[in-house]
Each structure stands twice: as C-alpha cells, then as structure tokens.
Amino acid sequence: MLIVLKNSLLSTWLLAGPAMLLLASAAPSACTTDTDKTEKPAAKAATAPPDTVAVAKDYFLFPIKPGKPNLLAASMGELRPNHFHGGLDIKTDGVVGLPVYASADGYISRLKQSSFGYGNVLYITHPNGLVTVYGHLNQFKGPVAQELLKRQYEKQTYELELFFKPGEFEVKRGDVVALSGNTGGSAGPHLHWEVRDAKDTQLNPLQWGGFAEIQDHVPPTAVMTAVEPLSIDGRVQGRFEKRLFAPKGTNTTGFAVADTIPVAGTVGLLLQGFDRFDNAWNKNGIQRVEVRVNGEPHYTHAINGVGFPDETRQVNHHTDYEYMMSAGRTMEKLWVDEGNTLPIYETGPSKGRLRTEPGKVYTVEMRLSDSYGNTTPLRMVLRGVAPEYWQTRSAAVRKPTLRYDVLRNILRVTCDDTTRQAPNLTLLRGNRQLQLKPSYTDQSRSVYLYDLRAGLPDSMRFPGIRLAQRFDRVAAIPAQTEQLFSNQHLNIAFGPTTLFDTLYLQTSYKNGLWTVQNPRTPLLAPIRVTLKPEVPVADKRRSAVYLIRGNGSIYQGSKWEGEAVSFSTKILGQYRILTDTTAPSARLVSKGYGGLVFKVGDDLSGLASYRLEINGQFKRLRFEHKNATLYTEREDTLGPPLRGTARLHITDQAGNEKTLTFQL
C-alpha cells in the first residue's frame, strides 16, 4: 500500500477528449510553459549578487612566502562534488611546516582541531569586518597554541573548537600564526586560505587585483560544450538528448564549433573548461562566463562570493550533477535552473534558457575569463528548425525491447522495434490509457516523450511485448515543501530545503536491500529515512544502516524505535542494516623519544572515540584519518610523561571496544 501525505502531485491523470489522446511529436506539450524568446539587451540579475566589498589591492599580505613567487593548487569557486571551492589552495613546495603569516591586523576569533574537513584551521577577524581563514595547518603558533592545549586537557579531547573575543589574541599583519600542513581532508601539503565577510560569504581573494606572488597571463581553455533540450518540443540535431561538441582552437586564438547545430524548442548551453596560472601545470576553475546571443547579453555568472555553508552545495545544481556522476565529466549549466538561488548570475527573464524558432539563426559567443582578466572566446552557431518526426532503420533489432528514463519533468521512453511504421506507446493508469506517438525513430529505436506534470503512469505497454512494464517512479515530490512518503518498507521525510527541484521518487525493497532513487540525484539538505525490516533485528545496539557502494559500505547511523530504524542522509542510493560485533583494531607502531605512534582501524562502522591514559592520567593524542594514525606530539608540555603503564582505549560507532595495555 502506498501512502503519500501533504501536497502530493499524484493527484491528476490528465486525459481530455480524443484530440488529446495522441501527443504529436511535432507539437509542444500543453504543459510546456517555457515560451521566452531570445534575450534583449537590457539583461538584469536573476538573483541579487553579493554586496561588493571595497578592499585596497595591498590590504592583504600573501600568507605563504610573501614577496616571493608562489603557485596555486586551486582557485576560488572551482567546481567540486557537493561544494564550490571556497578559497585559494597555496602550494607549500610539497612539504609541511612553512610559516603562515597573518594577512592583516586583527584578532584570532576562532580555531579548530579536527581530523576532517579543514583539519587544523584558524580564523582572523580584521577591522574592516572581513575574516581570513587558514586551513589544513600542521601547528598553531603563539599564545593561542598554549591556550588550545590547556583547553584540550580541561576537556580531555583533541578534537576541539574555540571562539575568542576582540582583545584576547590580537595579531599584526605579518605575524607567524601557524605552520602549514596537510591535516583534515587535504590530499597533499598546502595552505587553504579564504576571505569571508561577516555573513560567512566566501569571497574571491583575487577579485581586488590579485597578488604579485601569483602571476597569470594564461587565458582559460574550452574543453567541451553541449546543447541540451529543456522543453518537451526541444531537440538538438533532431534528438531529445544532450549533444556534446568538441570545439577547435587554442586559448590564445579562441575556440569554435565548426558546424551549425540544428535545434528546436527551448535549449540550454553547457560548458566544460579550465584555467591555468603562469608556470603551473595543474588545472584550475574558470571564474567568469558570459554568453551573448546574436551580440546581445544572454547570461553571465561570476564566482566572486558564495555563502557558506548554505549556498555552497548549490554547486550540484549549477553543474549537471547527474551527468558528472554517470559520465565523469563536469559541465556548468549556462542557465539558472529551477531551485537554484545562487547570487552569482545576471540574466534576463528566461534565466539563460534559449527559446528557438524555426528558420532563425543564433550566433552564440561564450567568453571564459579568469580572475586576472584573461579571456577566451568560444563561438558556435545554432539554427532553429521544427521538431518534425524522422526515422532511420536498422536490421540489428531482433525483438522489441522497452526502457525509459526521466529527464527533468519529461519521461523519455525508448523502444527498439523493426516494424515498418513505429507503433504508438500506451501509458496506463488504472483502467485509463494514453496513446503516445513516437517523436522520432533513430536506427529502429523510437523515442516517446511525455510530460510527467500531467500525472504519473502505473505502467506502459508496447506492441510485441507481452507484459506491460511497470513504471517505478512512485511519487512526485515537489521542492520547497515538507512531505512524507510512506509504504510498507520505509518512510521518507522531505524538508522544505531538501530538494533542488521536483523529484520523481523511485524506491524498491528486496532481500534486505532498500533502494531510494540513485546516487546520481543530488540533495540540497538531508532526508530522514525510516527502514522497516521484514525480520526483527536481534542486536539493535550494534546494528545500523549502511550505504552500499559496490563491495563497500558506509556507516549512516541508527535510531531504533521498536522494530524500525531511522537515519538522516544527503546521499541517495542503496541501504542495508548491518550488525558490527567486531572490536576495532589498534597496534603500537613505535615508542621512543619522538613519542608514541599507533595504527588503528575498524572493519565496518568506523572509529568513534579514542583515549590514551598513562598511569591513569589523560594524554592527548592526535588523529589523522587519512593514514589511520594516532600519535602524541612533542609540543605537548601539559600531559604526563611517557613513563609507566599506558592504556589506549578505542571504541567504534557500534559500541565495540578494544583496550591496548603496554609499559613505557
């Protein structure tokens, strides 16, 4: 039994008179509302850009080797899974321990020690209200380091975050506040450096004229562009699918797509590219993209400010997330998709979508720019055509087959069949049916399109296939609403900020494996999922939900209420309830003048806590999850000396414990 509470879109199956029973491929759907024409010159912002912060070019001191040539491993706004890169990654010659300098006068307002994220990170608040952030540090320096050590022993924990007030730990421009490192989520030694405003908006430090330490005379490079249909009558080269085009040229002469591209209906443009700084081989992000159509402004984005943490996850909507997850290629959408509230765009009423008309030509120029003003053009020409039915035949098809996918609000059904004339596809809901004509037939593969906003079908039937195929999207969950989906196997609670856009929900259960959509569907905020096992779980204390990825599993958590277990997640996919009864592992790798080093691990749920005691007294340990290492530090002057009876006590997330006892 299916139950959907609040604001369900499963309500109406729109079937009108006989004229509506056939959806002609050459005509747009009645539900199509995207009718905006090409932009006119007066483009205006779709969302308000962040306030410009006036900062003198030399206000900030470069925090690594100031006054000497430097290189960047990453620039502000680069496209990462689940976030925009929030600052500059400054190379540190492949080593840890370089002095990190305060970029301007101010006071240390916050610091944190952690094995994850930014690792050891320090925040300096400046008189103009801006904050500089210094991440992945190896050590803090100065009086604040001693204050942190004291507080860690008071709290008896290494992982600690502290906040300070003006006047407590003041610093001057050029003071050494830390040593660079490779802590947290860092993949190699570097300094992550940010500039934020009072609202925690991550600002591009290069927008105020750059730094003499970082030279950039290299324009960006265009790698690939794409055109994608955005309406049910949309076509690219006659097809309802994203089509990729590799432009020819160089970053000094510009790029161009050689052939004119026929398009129909409403389409969107996409771009893949990169930038490089002088004397550097690594690829960086493109800071600004401007699109002009027939010489008129059409779309612009400039990544100079992204709100943290609320806006940064919107990168999954700024890019084509599903395509990145399935094809491994990161492409920026050059239109503002529904649900995208980032303040980085300037567009007109169509928000960057291009509504084309038969017989018209659209000359497109994309201008790719970096923070130093180096610009590369990419040119292409689109020609508007009518979305007429066409067909080609192949003898390779032996028997009819049917498959489908959902693209935005459009159900696309593909049927392989060698009949002389492609038959209609029948959509079924209860005792009602809707006949769909094919939109086109490509090598005996007919494509049928249907707007799901008219109602969800139960199944679909195709001539030559004996059984109707069930449609597995069980509910339409609109964005920006609270909604609960429930069936006999699970509950899913959606919050008002969970979804970017309408989700056509897919769930299944078989043999202890729950499936909720797939990992290619991004979430903006977590969902709350409750699983209902068919067989009671015996050891609930050590049992939890795990995300299944190939042969691996990732701990998600557990809150048991009776025989049901709940957890929150931002990752859709497949889940199992697993029981962890194995204690974590620990071994002493070395002991001596340099301190103690342990290797730790756990085979399923992962390490939850650790504690070292020497002669019964707490001794601080540092944890680095990247190499599963716990170790003491020479700089620790408050803890007990490394002499006598030592006990390392570790616990995993299932509550299994292990104690390692040894003599020093």
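Since the structure is predicted, the reported quantities are computational estimates derived from the model, not experimental observations. When reading the values below, keep in mind they use all heavy atoms of this one structure, side chains included, and skip hydrogens, waters and symmetry mates.
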So, do Thr497 and Gln480 sit near enough that their side-chain heavy atoms are less than 4.5 Å apart?
no
Using side chain to side chain contact (heavy atoms under 4.5 Å, CB included) as the criterion, point out the one residue from Met331, His85, Gln272, His318 that pairs with Leu79.
His318
If we ignore hydrogens and angles and just use 3.5 Å, is the side chain of Thr201 paired with the main-chain N or O of Arg196 as donor and acceptor?
no
Going through the distances and angles, do Phe169 and Tyr107 end up as a ring pair (Phe, Tyr, Trp, His ring centres under 6.0 Å)?
CA-CA 5 Å; Phe169 295 100; Tyr107 70 97; 9.8 Å; no
Pair Tyr59-Leu130, side-chain contact (heavy atoms from CB on, under 4.5 Å): steps then yes or no
CA-CA 11 Å; Tyr59 181 82; Leu130 297 180; 5.5 Å; no
Does the side chain of Gln287 reach to within under 4.5 Å of the side chain of Asp275, using non-hydrogen atoms?
no
Going through the distances and angles, do Gln517 and Gln506 end up as a side-chain hydrogen bond (donor to acceptor under 3.5 Å, both in side chains)?
CA-CA 5 Å; Gln517 213 73 12; Gln506 174 187 19; 4.7 Å; no
What distance do Asn316 atom CG and Leu523 atom CG have between them, rounded to the nearest 0.5 Å?
9.0 Å
How many angstroms lie between atom CD of Glu78 and atom CG of Asp89, to the nearest 0.5 angstrom?
7.5 Å
Could you walk me through whether Tyr362 and Arg383 pass the side-chain contact (heavy atoms from CB on, under 4.5 Å) check?
CA-CA 6 Å; Tyr362 304 88; Arg383 176 172 53 86; over 6 Å; no
Would you call Val315 and Arg80 a side-chain contact if the rule is heavy atoms closer than 4.5 Å?
no
Does this structure show an ion pair linking Glu213 with Lys65, if we count only N-O contacts that are shorter than 4.0 Å?
no
Please determine which of Asn120, Ile64, Ile124, Leu111 meets the side chain to side chain contact (heavy atoms under 4.5 Å, CB included) test together with Tyr134.
Ile124
Looking at Thr481 and Pro478, would you say the former's side chain and the latter's main chain have a donor-acceptor pair under 3.5 Å?
yes
Exactly one of Val227, Val291, Ile261 clears side chain to side chain contact (heavy atoms under 4.5 Å, CB included) with Val364, and that residue is Val291
Which class fits the ring pair Phe60 and Trp193: parallel under 30°, tilted 30 to 60°, perpendicular over 60°?
perpendicular
Determine, for Arg276 against Asp216, whether the closest basic-nitrogen to carboxylate-oxygen distance falls under 4.0 angstrom.
no
Determine whether Tyr323 and Arg329 make a side-chain contact, defined as any pair of heavy atoms from C-beta on separated by less than 4.5 Å.
yes
Checking Asp405 now: which residues fulfil side chain to side chain donor-acceptor pair (under 3.5 Å) with it, not counting sequence neighbours?
Arg412
For Gln237 and Phe245, the nearest pair of non-hydrogen atoms, with its separation, is NE2-CE2, 3.5 Å
Where the side chain of Glu311 meets the backbone of Phe308, is there a donor-acceptor pair that is under 3.5 Å apart?
no
Considering only residues two or more places apart or on different chains, which pairs with a residue in residues 240-267 satisfy salt bridge (Lys or Arg N to Asp or Glu O under 4.0 Å)?
Glu228-Lys242, Glu241-Arg243, Lys242-Asp320
Main chain of Asn182, side chain of His136: is a donor-acceptor contact present, judged purely on distance under 3.5 Å?
no
With Arg520 as the cation and Tyr321 as the aromatic partner, state whether NZ or CZ is under 6.0 Å from the six-membered ring centre and within 45° of the axis.
no
Is it true that atom NZ of Lys112 has more than 12 heavy atoms of other residues, nucleotides or ligands lying nearer than 6.0 Å?
no
Glu365, CD: over 12 other non-hydrogen atoms inside 6.0 angstrom:
yes
Quick one: does Lys626's side chain have a donor or acceptor within less than 3.5 Å of a partner on Gly184's backbone?
yes
Side-chain donor-acceptor pair under 3.5 Å between Gln314 and Thr341, yes or no?
yes
Is it the case that the side chain of Thr376 and the backbone of Pro220 share a donor-acceptor pair, with hydrogens and angles ignored and the cut-off at 3.5 Å?
yes
Side chain of Asp278, backbone of His217: donor and acceptor closer than 3.5 Å?
yes
Examine distances only and state if a side-chain atom of His317 and a backbone atom of Glu338 form a donor-acceptor pair shorter than 3.5 Å.
yes
Parallel, tilted or perpendicular: rings of His192 and Tyr118 (30°, 60°):
tilted
Can you tell me how far apart CG (Asp233) and CG (Leu449) are? Round to the nearest 0.5 Å.
10.0 Å
For Ser369 and Asn374: C-alpha separation, side-chain torsions, deciding distance, then whether side-chain hydrogen bond (donor to acceptor under 3.5 Å, both in side chains) applies.
CA-CA 6 Å; Ser369 302; Asn374 304 297; over 6 Å; no
Could you check whether any side-chain heavy atom of Phe140 comes within less than 4.5 Å of a side-chain heavy atom of Leu122, counting everything from C-beta outward?
yes
Can you tell me how far apart CZ (Arg408) and CD (Glu322) are? Round to the nearest 0.5 Å.
9.5 Å
Are the side chains of Ile90 and Pro63 in touch, meaning some heavy atoms are under 4.5 Å apart?
yes
What is the ring orientation for His301 with Tyr345, classed by angle as parallel under 30°, tilted 30 to 60°, or perpendicular over 60°?
perpendicular
Evaluate the criterion side-chain contact (heavy atoms from CB on, under 4.5 Å) for residue pair Val176 and Tyr101; output intermediate values, then yes/no.
CA-CA 5 Å; Val176 176; Tyr101 299 92; 3.6 Å; yes
When rounded to the nearest 0.5 Å, the distance separating NZ of Lys333 from CG of Asn340 is 7.5 Å
Residue pair His625, Ser115: steps toward the side-chain hydrogen bond (donor to acceptor under 3.5 Å, both in side chains) verdict
CA-CA 6 Å; His625 78 276; Ser115 178; 3.0 Å; yes
Rounded distance (nearest 0.5 Å) linking atom CZ of Arg367 with atom OG1 of Thr375:
5.5 Å
Do the non-hydrogen side-chain atoms of Leu98 and Lys91 ever get within less than 4.5 Å of each other?
no
Would you say Tyr372 and Val218 make side-chain contact, with heavy atoms under 4.5 Å?
no
Report the C-alpha distance between Thr92 and Asn138 in whole Å, list the side-chain angles of each, state the deciding distance to 0.1 Å, and finish with yes or no for side-chain contact (heavy atoms from CB on, under 4.5 Å).
CA-CA 12 Å; Thr92 56; Asn138 192 49; over 6 Å; no
Determine, step by step, whether Arg355 and Thr266 satisfy the side-chain hydrogen bond (donor to acceptor under 3.5 Å, both in side chains) criterion, reporting the C-alpha distance in whole Å, the side-chain angles of both residues, the deciding distance to 0.1 Å, and the verdict.
CA-CA 4 Å; Arg355 182 70 184 176; Thr266 301; 3.0 Å; yes
With distance as the sole test, does Thr498 use its side chain to make a donor-acceptor pair with the main-chain N or O of Ile527 at under 3.5 Å?
no
Looking only at heavy atoms, the pair that brings Ala102 and Val177 closest together is CB-CG1, 4.0 Å
Of all the heavy-atom pairs spanning Arg173 and Leu61, show the shortest one and how long it is.
NH1-N, 3.3 Å
Asp197 side chain vs Lys199 backbone, donor-acceptor pair below 3.5 Å:
yes
